Amino acid sequence: TTSPEAVAQLLRHGYIQAPRSIHAEIGKVRPGTLVELASGREPVEHVYWSAREAAERGLADPIVGTDDEIADALDAVLRPVVRDEMVADVPLGAFLSGGIDSSLIVALMQAQSARPVRTFTIGFDDPLFDESQVAAAVAAHLGTEHTELRVDGHDALALVPSLATIYDEPMADSSQLPTLLVSRLTRQHVTVAVSGDGGDELFGGYIQYRQRGSIARLRSLVPSPLRGVAGASLGAVPFPGPTWLATAADRVAKRPLSAATRLGAMLAADDEREVYLALMAQTATPDRLTGPRVDGAFARAALAGPWLDGVDPLTARMLFDAVSYLPDDILVKVDRAAMAYSLETRAPLLDHRVFEFAWRVPFAAKVRDGIGKLPLRRLLTRHVPSALIDRPKRGFAVPLADWLRGPLREWADDLLHADVVRTSDVLDAAAVQALWRQHLEETADHAALLWSLLALCGHLRHEHDSRPATATR
């Protein structure tokens, strides 16, 4: 049975948080825990390592030092961790995007290797999403044996029919496509790949850690009752809404109508945690896309996780993501994509020694003047010229909006019109069709939310097609 709460989480945030799964009767084991099973007894969860406790210990014992001294301390912790992760009796390489995290890991690998490290990246024809030239330049400077693959929407189209099988449940991070492609490429050459995952959540890489933005200023200036009124008014904006209104929002604000309802939710929020949940949502009103069985589940489906009191809200955001977004989106994406090709992945930045060290580094030593990951940057500049790495951060993204209107259109159109959607009590078919139509007509960019819907529809179809035929006489 499909879990209504899981559907609610998926449509709001793009992933399903453990211990919940898409199946109402099945739970997932959370990071840092083990589950004891015994006949005749309910499962018992045991926590053997807690990210929150590690963070609280680190905050209580901060490192005092200059930027160079902190970089020295990071090197002393990270270098042996990287060396440990390089131990393998099969061929080993590394993902190299050209970003701070993967470049630093590769630099420390190369510094401790007697031969060139094998590195792998993919590039896109669209220059707005392509970082392959930067990765190649970093590889050339470090002296790695570098392999690059150029991809486009047709390469992704070949993969999308298998997403439901690979991921076992809906997971709607569209960077799963390039992750699958780079995993397939890497496995053609090596059996183990080292990655830079974790740097953003531990050292303040995402923009939501580097600045609080205009919403925080607005909330501080407007009295709470007025914020509530404004929030309720914006929350009432129809979504997907009529075409003329969606068109007006796109022309005036360059945003879909869902941006207005998210703004309303942030203004009306009671505390910083609710503000952050609204900020990180794909839409604040996913219930306008769902059927009757899901409509009542949204209140029960909010993301859970520790929110540190008594610290800067930006610090609290980092820990919240480290126990939610990181394991349930980023690591699920990478692990299942890699294992689809029998590729083992390792993430040195997520070794408990590095995690515990990172939380001893004061926030001001990680993020300053809108620039994050300062210790990682400082250490990396000892191996790579700063000119190669001082550039705006890009995610491992794909031009999804255009791909959905181009090479992925027929696949998406088939799923969003399938019987499994129309007859499901999970989605409102008319609202889904309105969203899809607006995106195709370029009235609004609904790519992220559509990808969640497509992940769900793909899963529902896969489940339907996998059921054994009922025996008849």
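What you see is a predicted model, and the numbers here were worked out from it, not measured in a lab. Just so it is clear, the values below take in all heavy atoms, side chains as well, and ignore hydrogens, waters and symmetry mates.
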Donor-acceptor contact below 3.5 Å, side chain [X] vs main chain [Y]:
{"X": "R150", "Y": "F124", "value": "yes"}
{"X": "S324", "Y": "F320", "value": "no"}
{"X": "S233", "Y": "V229", "value": "yes"}
{"X": "R219", "Y": "L267", "value": "yes"}
{"X": "E85", "Y": "V81", "value": "no"}
{"X": "S113", "Y": "P116", "value": "no"}
{"X": "E148", "Y": "I122", "value": "no"}
{"X": "T285", "Y": "R288", "value": "no"}
{"X": "Q112", "Y": "L108", "value": "yes"}
{"X": "H141", "Y": "H383", "value": "yes"}

Determine whether more than 12 heavy atoms belonging to other residues, nucleotides or ligands lie under 6.0 Å from atom CD of E36. yes
Count the heavy atoms of every other residue, nucleotide or ligand shown that sit under 6.0 Å from CD of Q133, and state whether that count exceeds 12. no
Heavy-atom closest pair, residues [X] and [Y]:
{"X": "G93", "Y": "F120", "value": "CA-CE1, 4.3 Å"}
{"X": "K366", "Y": "P375", "value": "CA-CD, 3.9 Å"}
{"X": "E201", "Y": "M318", "value": "O-CE, 3.3 Å"}
{"X": "S3", "Y": "S21", "value": "CB-O, 3.6 Å"}
{"X": "V323", "Y": "Q17", "value": "O-NE2, 4.3 Å"}
{"X": "Y341", "Y": "R187", "value": "O-CG, 2.9 Å"}

Would you please test L303 and M280 for side-chain contact (heavy atoms from CB on, under 4.5 Å) and show each step? CA-CA 11 Å; L303 294 180; M280 301 310 293; over 6 Å; no
Specify whether Y206 and Y325 have parallel, tilted or perpendicular ring planes, treating 30° as the upper limit for parallel and 60° as the lower limit for perpendicular. perpendicular
Straight-line distance of [X] [atom1] to [Y] [atom2], nearest 0.5 Å:
{"X": "I330", "Y": "K333", "atom1": "CD1", "atom2": "NZ", "answer": "4.0 Å"}
{"X": "D328", "Y": "D173", "atom1": "CG", "atom2": "CG", "answer": "12.0 Å"}
{"X": "L331", "Y": "S195", "atom1": "CG", "atom2": "OG", "answer": "8.0 Å"}
{"X": "L349", "Y": "L326", "atom1": "CG", "atom2": "CG", "answer": "10.5 Å"}

Mind running side chain to side chain donor-acceptor pair (under 3.5 Å) on S97 and S102 for me, showing each step along the way? CA-CA 6 Å; S97 69; S102 64; 3.2 Å; yes
Electrostatic pair [X]:[Y] at N-O distance under 4.0 angstrom:
{"X": "D84", "Y": "R353", "value": "yes"}
{"X": "D72", "Y": "R382", "value": "yes"}
{"X": "R115", "Y": "E145", "value": "no"}
{"X": "D271", "Y": "R273", "value": "no"}

Check whether the ring centres of F203 and W359 lie less than 6.0 Å apart, and answer yes or no. no
With a 6.0 Å cut-off on ring centres, are F239 and H446 close enough? yes
Could you please spell out the steps behind the side chain to side chain donor-acceptor pair (under 3.5 Å) verdict for W451 and Q176? CA-CA 11 Å; W451 195 249; Q176 63 200 139; 2.8 Å; yes
Run the numbers on D67 and R368 for salt bridge (charged side-chain N to carboxylate O under 4.0 Å, His left out), then give the verdict. CA-CA 11 Å; D67 287 349; R368 192 180 309 135; 3.0 Å; yes
Side-chain donor-acceptor pair under 3.5 Å between S452 and Q282, yes or no? yes
Check whether the side chains of T66 and D68 place a donor and an acceptor atom closer than 3.5 Å, and report yes or no. no
Do T119 and T144 pass the side chain to side chain donor-acceptor pair (under 3.5 Å) test, and can you show the C-alpha distance, the side-chain angles, and the key distance before you say yes or no? CA-CA 6 Å; T119 55; T144 72; 2.8 Å; yes
Tested for side chain to side chain donor-acceptor pair (under 3.5 Å) against E169, the lone hit among K28, H23, R20 is K28
Could you walk me through whether D312 and Y209 satisfy the side chain to side chain donor-acceptor pair (under 3.5 Å) test, starting with their C-alpha distance in whole Å, then the side-chain angles of each, then the deciding distance to 0.1 Å, before giving a yes or no? CA-CA 10 Å; D312 184 280; Y209 309 149; over 6 Å; no
Is there a side-chain contact between L104 and V384, using heavy atoms and a 4.5 Å cut-off? no
Could you go through the side-chain contact (heavy atoms from CB on, under 4.5 Å) check for W307 and D309 one step at a time? CA-CA 6 Å; W307 189 266; D309 296 319; 4.1 Å; yes
Tell me, with the steps shown, if E356 and R360 meet salt bridge (charged side-chain N to carboxylate O under 4.0 Å, His left out). CA-CA 7 Å; E356 290 158 7; R360 293 188 61 213; over 6 Å; no
List the steps and the verdict of salt bridge (charged side-chain N to carboxylate O under 4.0 Å, His left out) for R210 and D369. CA-CA 8 Å; R210 293 184 273 121; D369 299 326; over 6 Å; no
Set of salt bridge (Lys or Arg N to Asp or Glu O under 4.0 Å) partners for E25, sequence neighbours left out: none
